[in-house]
Amino acid sequence: MATDPHSKDSFNWKQFLNSFGPLLGLLLVIGLFSLSAELRPTFFTGGNAKLILTQTVIVATGALGMTLIIVSGGIDLSAGSLVALSSVVAATLLLQDWSPASALILTVLAGGCIGAINGTIIAGFRMVPFIVTLGMMGIARGSAKWLAGNKTVNPEENALNGIMEPIAPQNLWPLPMGVWITIALAIVMIFVMKYSVFGRYVFAIGSNEDTARLCGIRVRTNKIMIYTLAGLFFGLAGVMQYSRLTQGDPTVAIGLELEIIAAVVIGGASLSGGSGSITGTMLGALIMGVLKSGSSQMNWPTYMQEIIIGIVIILAVGLDKWRQGKQS
Amino acid sequence: MATDPHSKDSFNWKQFLNSFGPLLGLLLVIGLFSLSAELRPTFFTGGNAKLILTQTVIVATGALGMTLIIVSGGIDLSAGSLVALSSVVAATLLLQDWSPASALILTVLAGGCIGAINGTIIAGFRMVPFIVTLGMMGIARGSAKWLAGNKTVNPEENALNGIMEPIAPQNLWPLPMGVWITIALAIVMIFVMKYSVFGRYVFAIGSNEDTARLCGIRVRTNKIMIYTLAGLFFGLAGVMQYSRLTQGDPTVAIGLELEIIAAVVIGGASLSGGSGSITGTMLGALIMGVLKSGSSQMNWPTYMQEIIIGIVIILAVGLDKWRQGKQS
Amino acid sequence: MTTTPTKRLKMEGVRKRFGATHALRGVSFEVGPSEVHTLIGENGAGKSTLMKILSGVHKPDEGSILLDGSPFNPSNPHHARMCGIAMIYQELNLAPDLSVMENITLGDEPSALGWRRISEQKARATEALQQLEHEQLPLDIPVNRLSIAEQQVVEIARALIGKPKVLIMDEPTSSLTQVDVQNLFRVINLLKASGVSVVYISHFLEECQTISDRYTVLRDGESVGTGDMKKADIQHIIHQMVGREMKDIYPRKEHSVGKPALEVKGLRGRIKPKSASFRLHKGEIYGVAGLVGAGRTETLRACFGLDRVDSGRVVVMERESTYSTPTKRLAQGMGLLSENRKEEGLLLNRDLADNLTLTKFGSFSKFGFIPRKKQLEAAEHWIDKLKVKTRSAKQTISELSGGNQQKIAIGRLLHHEADIFLLDEPTRGIDIGSKAQIYSLICELAKQGKAILFVSSYLPELLGICDTIGVMCRGEIKASRPASEWSEHELISVAVGQTSDTPESQAIDTTKS
Amino acid sequence: GPAAKDDTIRIAVIPKGTTHEFWQSIHAGARKAEKELTAQGKSVEIIWKGPLKEDDRDQQMGLVESFTVKGVDGIVLAPLDAKALVRPVESAQKSGIPVVIIDSGLETTNYVSFVATDNLKGGEMAGNYMAQQLENKGKVILLRYAVGSASTENRENGFLKALAKYPDIELISSDLYAGPTRETAYQNSQNLLNRFGKEVDAIFCVNENSTIGMTKALREIGRGNGEVKMIGFDAGSQSIKDMESGDVQGLVVQDPVKMGYEGVMTLAAHLDGKKVEKRIDTGVVMISPENLNEEESQRLLNPPLDEYLNQ
Ligand SMILES: Nc1ncnc2c1ncn2[C@@H]1O[C@H](COP(=O)(O)OP(=O)(O)OP(=O)(O)O)[C@@H](O)[C@H]1O
Ligand SMILES: Nc1ncnc2c1ncn2[C@@H]1O[C@H](COP(=O)(O)OP(=O)(O)OP(=O)(O)O)[C@@H](O)[C@H]1O
Ligand SMILES: [Mg+2]
Ligand SMILES: [Mg+2]
């Protein structure tokens, strides 16, 4: 049996590109902004790094959950609405004198519940995730507005407000707690995706659902778990969103789902499922963050930012496509 | 095996459900609003029917193009931005003293151009439509703002303003020109999808792209044609949007793409490609229109509308799934 | 052994309907421990359905299953697997993005508290591959980079690791070559010796006779006969299967060879072929033998314009036309039947009519529009001609059995009125009756002066109907001779690369008959 | 914070959005101030930057934060939310970057000055004017704008407060929100009028888009021309046309040019070490067909945008 094409050589090359593709993208984007003499002195400061990290954290947390979903071959359009709903839930709980810790936990669980509903409908009735979560997008947004009484919810100053608070904004250290939480979760998820049985099932389901089913993987259960876990992440992102605004805002995070999906895909995941990585996703989120922050600091008009981010999304994925083409 | 002589019965049942599924959905939604004694006298009037039709026309026109794309196995997230851009283009042309007729034609062609760019990137580089059009969503929106100079563009009173103008709003007749245009185009598209070679190719590509290629279908060319044609429809929808507001507004139609996609999917198309129909899509758009108009006239708060539309999307597609399950 | 009192497996009165189709109308079936039992039947007889009921994919409408004497009603594949039923499905079932190791252990990963034990996973996968003599397969590359045959090996390996009680193999050899088939048989014999029951489904009756102890014949969803395979008369089995006598399945119709239709010189693709040369004439059936991975599929694809051509020449109908696209090839009257009809060949959710007429709507279209009535008429013509079992031309093709799907794929080339047929494993997964039909069809075509390139891994059929046979090895056609000058043994020895001692090996470009 | 290398004073002006005519006027006012200060021999640079998506609080926070890190000399901000923007503003103040708030309030006192219209007063003005038009009797509708926007909520509250004084005026709908764009405002107006179009006597809309959308919808059902008293807030060029044609009876008009101008001037004065007022009212005026052509009205309605913006 001729097995010459799978030489060790091409394998390493692939490994290299797969892990370093998004990293190169990140360096490229940073390089782009370093070209501007005007921007350089303020862009490459600890304070700005902290700013970018803080602004990226919500997208990154959501993207952890979205990576799971996308690798499993699904998609979740309700992520943004869910973040808004969770921010309202957190604020409402705090307003009703729950302790910050229990508000945090309950909000994250609430996110998990909605994720579980998504998962149950998708897996139980074998419905397309795009549609189910499109519906849920409206339901969650509406519920957020309803729960908030069509206003913003403003609880008293409390410990949760501190998660995203940038102390000493001119310096890199200390980083806000939220950044550390996301880094820790990302590390856990890297291990889960790579070394846990569940992680492999996520890849298997995304790669070929029928095969997964025939091989005795409980596809339904696993899918529900995937969406639930993602829901927990979206809930957490919602708490962070609350903390950032220090208020529950039912109209926040409109279109955030697309940003999150873009981060995951720029990070190398395929929307048809079966491939993707947490490291890539985190880099993808950072690319988006640097791009947004840089282009807003570049005195470009707003519309230029939109155009450039659009172009970068296409280029990033196009480049990825191209390097994958190189391999085969 | 045992192929029982084609039981005419089950066959007709399938035909019936396929064409009447969305129709039943529409009747159901209308029935829902007829329950409210308070609403009945104003809801079931010619004037209101005209109102709903007029409000639905933009979504419906966009959905004609989106049906093509979805049946071919793609998706277009840039539709909303493209409608906004086209409305600005139309207004700008009119402001520069082009005649209404040439402004109409040029705007529609401009939409077609952007569609062609989408199609070329997607087909030429074999990239995922979701990502390409997500990028284009930002590019088109940014360009609209840029072209409009970050303002709305207000040309003088002209013939294009009349396309969507409801004359005699208390009566059903006469319907605005825009409604007739959409109805005419829908009829043309029904024939194109069902009986033209191009239409069959659209289904074939959506059903299995590799097979289509093997069978000598020029997949790339046809895909470019599909996105271009859809772009023309979005351009036309943009002109209608202009006519409705009598101004070019670069911030209009945010999220319209999701509404359009929902209409197509409620109408029975599958997001994995290969199935869908124009009749279904038109009914899907009407369902959305009736729901939006009805629930806002019921004095339900906005959040109730969002929740209910979300639920209806899921139910409609779930029902469709269920009746397809019944058939096999 | 075949009459052990307690049966390992007993299925009785099993019925299953899919909508209007009665797939099974009361099947009874028994397997003992340490028994290899063959299921035989035409395409669509219900073999796969019966086995899918056993492995928990489908639920029976009626009937009982006894496993080791106790009632067994698997609720899903997971359940069945836990009860010791392993199945290799007819269609490839792999997660293409996962590695070879992960695919082999999929669904049964060695783990501790939810974390994988990778060294053990490796050990198990290696052991399974060793049994199949394929330990050279790298464990950590994604299976989508393997050839179909290698993928099949991975599938078989997966079925081996669970230490199953009952192992079901639904056409495991349809994409294997002789060498691998021999390996597989050795493994089956080992398993049998350790007490495993094997249910074996194949359309190769000789193969069945080699490996099986007993057989059951299914016809139209009913079991119509069972018996001892070693003692059975093949003609009798075929009679039970198709309900009539089948004497000679390889027809000999006179056909004369004409001008060259397709000439390929030094064709080189991206990976394979390396340098393929052959000449196909009008009215000729040219067979291509070779091991899996030899590059036969790639040669066809490059000829047809589906894959890139790096160098070399392709001459069609005596006209130079090296670089091309499928569209142009079809216009030149060339048609390709692909190896994997599910992934490339059929529009699974469209109806038969669309599938049959896809390449040539033009013949009845007016101004770019298709009159549906004419399309259906054309489709029904081919459905009748090819004896496709279907309700109507409007049926969705995914509802047909594999063999009938294959007939539709061939029907499309006929409808296209192609002059040059590139057939890649056209009889894969097809029952003997349909095979005979396809052979006679091919001969009929040759008689009409069509040129046919016939790629197959099943040597008897190549020897049976081809005029000329070329053998492909490592991306090149190593030898090409009239079929009468080949023996099965010689074909194999050239295919595995022992060409130095055969003088004919120089006969690369002397395709004459 | 790290001061600029040269002695140019850089002032960031952050609006809520960029596409409304209202924000264009604020922009013009800021440019006017820039011009005047430059003429006085000071080197001043205005950086005009709104959030990418209109009405996105999070993005506006991000802008304030990044200007803080970038170290501009001062910020003029029209906060999208009275609460959410508190922390970034306080953080900027703490980093030594003074902030002047314009247009909408902020729930803190840690800023240099608040330069804005008295929106509550504007709303009351509209209510009283409506009552006068209706001769204290009739059915009226309030079309709200959006959740959480302090300025428009104040207008709504002012309006409701004024109406409370007139027992014979019945409020038949006040739950519907016009939403962010003219299209949403127009659709919601059409739907509202389909339901209440026959009985309503007067309508109040609280911003530019909803005024224009509602007027269009009223005209379409044939109840424009003063049959239904239409009172709006802010003056887009379309609303002025509508008033000229008689479809609009009153417009509460602010002075956005002054707001932008005063915002920058106040900040510049503060940077010069001068003492500034904590609250500066830029005034509201009720424009009606009667005073439409007066000079003062025309100055407010047609601000010389081109003079400042297209240079
Ligand atoms: N999921 C399904 N839906 C509808 N009909 C089906 C389905 N699966 C099988 N059938 C029908 O059931 C019958 C038996 O099919 P089955 O696949 O069991 O045949 P088979 O004996 O395995 O044939 P082959 O040799 O071609 O694999 C066929 O007529 C087929 O069309
Ligand atoms: N997608 C792929 N990526 C990398 N290598 C591939 C791919 N597909 C096939 N190959 C390699 O190309 C070689 C030839 O493939 P293939 O097995 O299809 O040839 P073949 O002679 O047509 O065999 P078959 O008997 O299956 O028709 C194989 O050795 C395989 O490793
Ligand atoms: Mg079968
Ligand atoms: Mg092959």
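Numbered from 1 within each chain, the chains take letters A, B, ... in sequence-line order.
Here V132(B) is the residue among V132(B), V128(B), L77(B) with the most heavy-atom pairs under 4.5 Å with chain A. Ranked by heavy-atom pairs under 4.5 Å with chain A, the first of L315(B), I121(B), I313(B) is I313(B). The most heavy-atom pairs under 4.5 Å with chain A, out of I311(B), I307(B), I309(B), I266(B), come from I307(B). Of all the listed residues (P250(B), A140(B), A144(B), G142(B)), the one sharing the greatest number of non-hydrogen pairs under 4.5 Å with chain A is G142(B).
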Please tabulate the donor-acceptor pairs under 3.5 angstrom that span chain A and chain B, backbone and side chains included.
residue	atom	partner	partner atom	Å
R126(A)	O	K321(B)	NZ	3.2
K145(A)	NZ	E306(B)	OE1	2.8
E306(A)	OE2	K145(B)	NZ	2.8
K321(A)	NZ	R126(B)	O	3.2

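Neither the backbone nor the side chain of M304(A) comes within contact range of chain B; no heavy atom of the residue lies under 4.5 Å from a heavy atom of that chain. With a 4.5 angstrom heavy-atom cutoff, I261(B) touches chain A only via side-chain atoms. Contact annotation for I75(A): only side-chain heavy atoms (C-beta onward) come within less than 4.5 Å of a heavy atom of chain B. Using a 4.5 Å cut-off between heavy atoms, V317(B) contacts chain A through both its backbone and its side chain. Both the backbone and the side chain of I131(B) come within contact range of chain A, each with at least one heavy atom under 4.5 Å from a heavy atom of that chain. Proximity to chain A is absent for every atom of I308(B), based on heavy atoms less than 4.5 angstrom apart.
In this structure, I224(B) and A116(B) approach most closely via the heavy-atom pair CG2-O, 4.4 Å. In terms of heavy atoms, I117(B) sits closest to M136(B) at CG2-CE, 3.7 Å. Residues A230(A) and I69(A) share a closest heavy-atom pair of CB-CD1, 3.4 Å. Closest approach of L82(B) and F234(B) over heavy atoms only: CD2-CD1, 3.7 Å. Taking both residues in full, the closest heavy atoms of G25(A) and I287(A) are given as C-CD1, 3.9 Å, listed atom of the first, atom of the second, then distance. Nearest heavy-atom pair across A285(B) and V59(B) is CB-CG1, 4.3 Å.
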Point to revise | Verdict with reasoning, I122(A) to M127(A), per side-chain contact (heavy atoms from CB on, under 4.5 Å) | key: CA-CA 5 Å; I122(A) 291 168; M127(A) 277 174 68; 5.5 Å; no
Point to revise | Trace of the side-chain contact (heavy atoms from CB on, under 4.5 Å) decision for F130(A) with V265(B) | key: CA-CA 10 Å; F130(A) 193 97; V265(B) 175; 5.9 Å; no
Practice item. Given side-chain contact (heavy atoms from CB on, under 4.5 Å), test L256(B) with I260(B) step by step and report yes or no. Key: CA-CA 6 Å; L256(B) 185 73; I260(B) 293 178; 4.0 Å; yes
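A 4.5 Å side-chain heavy-atom check between I139(B) and I114(B) finds every atom pair outside the cut-off.
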